[in-house]
Structures are given as structure tokens and as C-alpha cells.
Amino acid sequence: LFTEIPYSVDESGSNTTVTVTLGAASGRDVAIDYAASDGTATDGLDHTNVTGTLTWSEGETGSKSFSVSVVEDMFDEYNETITLTLSSPSNVTIGATNPTTITIVDNDEPPTAFFTNAPYTVGEEVTTAAVYLAISTNSGRPVSVDYETSEGTATNDLDYTNVAGTVTWSTYSTNNGMFLIPIIDNLVFQSNRTVIVVISNGVNCSITGPTTTTVTIVDNDALSVGNSLGAWKITSTNATLRGEVIEANGSVLPTVRIYWGPANGEDNPFDWAHVIEVGSQGVGTFSGIATNLTEDVTYYYRAYATRSGGSE
């Protein structure tokens, strides 16, 4: 029968000795076959299968042994078992401890999970932003990490849509993990906005590096207008005021106005004495006529464009 059962060996051990004991001497020669085979451990990866025969001469008693080699790998795994079996007894009866096992105790640290290529930047026109995760090494256990997004300077359901879920790696997977954040092209002129991404709750792994990163959404609705062309066709009572829409990205055209008067209203439309409604205007030049001017008075004007969410 097997003795000192069940067996346990650290993965770093090169081999373990298995002992079989003959309980009483026999008047005849005794023989029994043994085998070490796959349980949950795999031959060639975790251990080396072995077979053979143990013999006792007539009148001999005591213990015989054989060795089972253990292979050390670099993967975090569940503890694994080798099956030990006695069979084909000759002039002997097999005891109740057959079969038994050797447990290989894993000694590898779990992998680490982390963001790759972070932080992220995407144009507003894309439909989704991809966030990538990786693990430091393959694992013999399934690995997972939870993720969740929240508002930074971006607004949920206006600029993007919040998501939450789990990225998983199957056993011994080498693939990078990924999840997608829906991005909304909202046609609103804005500064660039950020989405906050958090990872947590690593299963069969630890999380290294930042647990938080950002996705920057680059606005594609830029709006720029100027009046560098200046006034022309100036008379004692009238002047043509010229301007230009320099940039107007997005599918919604801006509404253009020319504000003018004897005082410079700067950025406040309400501080100007007069307004000329130019209307919707794409990239290009525009003009309006200021009338009823007074001689020897200095007049100012400014081209002003508005669109939902912003102005220039």
C-alpha cells in the first residue's frame, strides 16, 4: 500500500519520492506495477508521467519507492494533482490507499493588470473610444477586471454614454482586453472634454499603475470669425462692414451678426449701439452696411457668430 499519503510537493521541487510498503513477508516473490499519470496536472507541462514495477523477494518485507519529477512553470495556476496508481499485483493484495494523489502546490505570483496606451484621445466624430487593458503574463486561472466610466468635464448622454462592465481573460490567454465607450457627435461648439475611466476588483490578478485614466474628446465643431478685412466703400453717411467666417466645423452653420456703433462694445453684444443681421453663414466672407453715419465720429464694429453651445 501507499504510505505517507496524500503527497504534497512545492512546484519548485524537482521530484518527490513515493513510498509503497509491503505489510508482511511472503513465501513467494512479490511484484506490483505503479504509474504516475495526469490528474489535473498535465504530463510534460507540470510533471513527467512514470511507470514501473516494484518487487520484493521471497521473505522480504518493508518499503520500496519511486520518484515523480515535477516541472516548474512561470504561470499562476490552481494547485494541481498527479494520480498515483498501483496495479497488476503478483502474490500480493493492493491496500485501501490505492489510488492516491500528489498535489503540486503552485508558487507563482498572480499577473498584474494595467491600462495600455493611456491616456486616450479621440475625435468627437468617432462612434466609440476603445480603452485597452493588458495582463503582465499568462495565467492558468481566468482573470478579470471591472471597469466604469464617469463624467470628467464631458457630460453623460450629451458627449458620451457611461458604461460599466468586466474585461476577462481566459486561461493562458495572451490577448489584450478592451472595452468601448460610445461617443456622441453633438454638433455643439465646445472645448475638449474628458471622460474618467476607473478599473477595480481584479480577480486572480492585481492592478498596477494608475487605476484611473481619462479619455479626451476633441471637439470637431470649431468656430472662428474675424473682421480683419475692414470697412470699405466709406461715404459721409454709409460704410460697408466686412468680416469672414474662418472656421466653422460641424454640420450646423453659425448665425452671423455685425455689431457697430460709436462705442466699442468689445465682447458684449448688449454694449453695441447697432446690429446687422447677416444670417447663417459658412466659411467665407460676408458684409453689411452701416447707415446714418455722422461725420467726424469714430465708429467701431465687430463680427460675431453664434451656434448652439458657443460663439466667437
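These numbers come from a predicted model, not from an experiment.
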Check: Ile258 and Phe286 side chains under 4.5 Å, non-hydrogen atoms: yes

Any donor-acceptor pair under 3.5 Å from Thr255 side chain to Ser280 backbone: no

Have Thr21 and Ser63 got a donor and an acceptor in their side chains that come within less than 3.5 Å? yes

Please determine whether side chain to side chain contact (heavy atoms under 4.5 Å, CB included) holds for the pair Glu80 and His47, giving the CA-CA distance in whole Å, both sets of side-chain angles, and the decisive distance to 0.1 Å. CA-CA 10 Å; Glu80 298 170 308; His47 72 106; over 6 Å; no

Going by heavy atoms in the side chains, are Leu45 and Asp73 under 4.5 Å from each other? no

If you take all heavy atoms of Asn204 and Pro142, which pair is closest and at what distance? ND2-O, 2.7 Å

Rounded to the nearest 0.5 angstrom, the CZ-OG distance for Arg28 and Ser57 is 14.5 Å

Could you walk me through whether Tyr300 and Trp260 pass side chain to side chain contact (heavy atoms under 4.5 Å, CB included), step by step? CA-CA 5 Å; Tyr300 304 87; Trp260 66 278; over 6 Å; no

Is there a donor-acceptor contact under 3.5 Å linking the side chains of Asn15 and Ser69? no

Using every non-hydrogen atom in the two residues, find where Cys205 and Pro110 come nearest and quote the distance to one decimal. CA-CB, 4.1 Å

Taking all atoms of both residues into account, what is the closest heavy-atom pair of Ile276 and Gly288, and its distance? CD1-C, 3.8 Å

Please confirm whether the backbone N or O of Ser150 pairs with a side-chain atom of Tyr160, one donor and one acceptor, at under 3.5 Å? yes

Thr101 side chain to Thr103 main-chain N or O, any donor-acceptor pair under 3.5 Å? no

Distance col, row Arg242:CZ vs Leu229:CG, nearest 0.5 angstrom, shows 5.0 Å

Exam field: side chain Glu151 to backbone Asn156, donor-acceptor pair closer than 3.5 Å: yes

No-hydrogen, no-angle side-chain donor-acceptor test under 3.5 Å, Thr153 and Thr194: yes

Taking the side chain as every heavy atom from C-beta outward, state whether Glu11 and Asp108 have any pair of such atoms under 4.5 Å apart. yes

Between the side chains of Asn107 and Glu72, is a donor N or O closer than 3.5 angstrom to an acceptor N or O? yes

Mark yes or no for whether Ser139, through its side chain, and Arg141, through its backbone, hold a donor-acceptor pair below 3.5 Å. yes

Side chains of Val215 and Val131, heavy atoms from C-beta outward: is any pair under 4.5 Å? yes

Considering residues, nucleotides and ligands other than Glu60, do more than 12 of their heavy atoms fall under 6.0 Å from its CD? yes

Are Tyr78 and Val105 linked, directly or through intermediate hydrophobic residues, by side-chain heavy-atom contacts shorter than 4.5 Å (ILVMFWY only)? no

Keeping the roles fixed (side chain from Asn98, backbone from Leu86), state whether a donor-acceptor pair exists under 3.5 Å. yes

Under the 3.5 angstrom rule, does the side chain of Asn91 hit a backbone N or O of Val30 as a donor-acceptor pair? no

Using every non-hydrogen atom in the two residues, find where Val145 and Ser200 come nearest and quote the distance to one decimal. CG1-O, 3.7 Å

Roughly how far, to the nearest 0.5 Å, is CG of Leu133 from OH of Tyr147? 9.5 Å

List the steps, then state whether side-chain hydrogen bond (donor to acceptor under 3.5 Å, both in side chains) holds for Ser136 with Thr112. CA-CA 5 Å; Ser136 59; Thr112 59; 3.2 Å; yes

Looking only at side chains, do Asp146 and Thr166 share a donor and an acceptor under 3.5 Å apart? yes

Under a 3.5 Å cutoff, is there a donor and acceptor pairing between the side chains of Thr40 and Thr81? yes

Indicate, with yes or no, if the rings of Tyr132 and Phe115 have centres closer together than 6.0 Å. no

Less than 4.5 Å apart, side chain to side chain, heavy atoms only: is that true for Val18 and Phe2? yes

Whether the side chain of Ser88 engages the backbone of Ile32 through a donor-acceptor N/O pair (distance < 3.5 Å, no angle test) should be reported. no

Please determine whether a side-chain nitrogen of the Lys or Arg among Glu266 and Arg302 lies less than 4.0 Å from a carboxylate oxygen of the Asp or Glu. no

When the ring planes of Phe75 and Tyr172 are compared, do they come out parallel, tilted or perpendicular, using 30° and 60° as the limits? perpendicular

Rounding to 0.5 Å, atoms CG (Asn238) and CD1 (Ile289) come to a distance of 7.0 Å

If you measure from OG on Ser173 to CG on Asn138, what distance do you get to the nearest 0.5 Å? 7.0 Å

Roughly how far, to the nearest 0.5 Å, is the OG atom of Ser8 from the CD1 atom of Ile104? 9.5 Å

Locate the shortest heavy-atom distance separating Val68 from Ala36; write the atom from each residue and the value. CG2-CB, 3.8 Å

Can any side-chain N or O of Asp29 pair as donor or acceptor with the backbone N or O of Glu58 at less than 3.5 Å? yes

Indicate if Val70 and Leu84 have the same hydrophobic cluster label, given that clusters are the connected sets of ILVMFWY residues with side-chain heavy-atom separations under 4.5 angstrom. yes

Taking a hydrophobic cluster as the set of Ile, Leu, Val, Met, Phe, Trp and Tyr residues connected by side-chain heavy atoms closer than 4.5 Å, whether directly or through intermediates, do Leu241 and Val297 fall within one such cluster? yes

With the 4.5 Å side-chain cut-off for hydrophobic clustering, are Ile102 and Leu54 part of the same group? yes

Candidate pair Tyr259 and Tyr301, rule ring pair (Phe, Tyr, Trp, His ring centres under 6.0 Å), full reasoning: CA-CA 5 Å; Tyr259 292 91; Tyr301 82 95; over 10 Å; no

When every non-hydrogen atom of Pro111 is compared with those of Val143, the smallest separation belongs to CG-CG2, 4.1 Å

For the residue pair Val218 and Val122, establish whether any side-chain heavy-atom pair is separated by less than 4.5 Å. no

Do the rings of Phe66 and Tyr34 sit parallel, tilted or perpendicular, given the 30° and 60° boundaries? parallel

Under the side chain to side chain contact (heavy atoms under 4.5 Å, CB included) rule, what do Tyr304 and Val256 come out as? Steps first, then yes or no, please. CA-CA 6 Å; Tyr304 199 81; Val256 175; over 6 Å; no

What verdict does the side chain to side chain contact (heavy atoms under 4.5 Å, CB included) test give for Val197 and Tyr120, after you've listed the backbone C-alpha separation in whole Å, the side-chain angles of each residue and the deciding distance to 0.1 Å? CA-CA 10 Å; Val197 183; Tyr120 306 91; 5.9 Å; no

If you define the side chain from C-beta out and look only at heavy atoms, does anything of Val198 sit under 4.5 Å from Ile196? yes

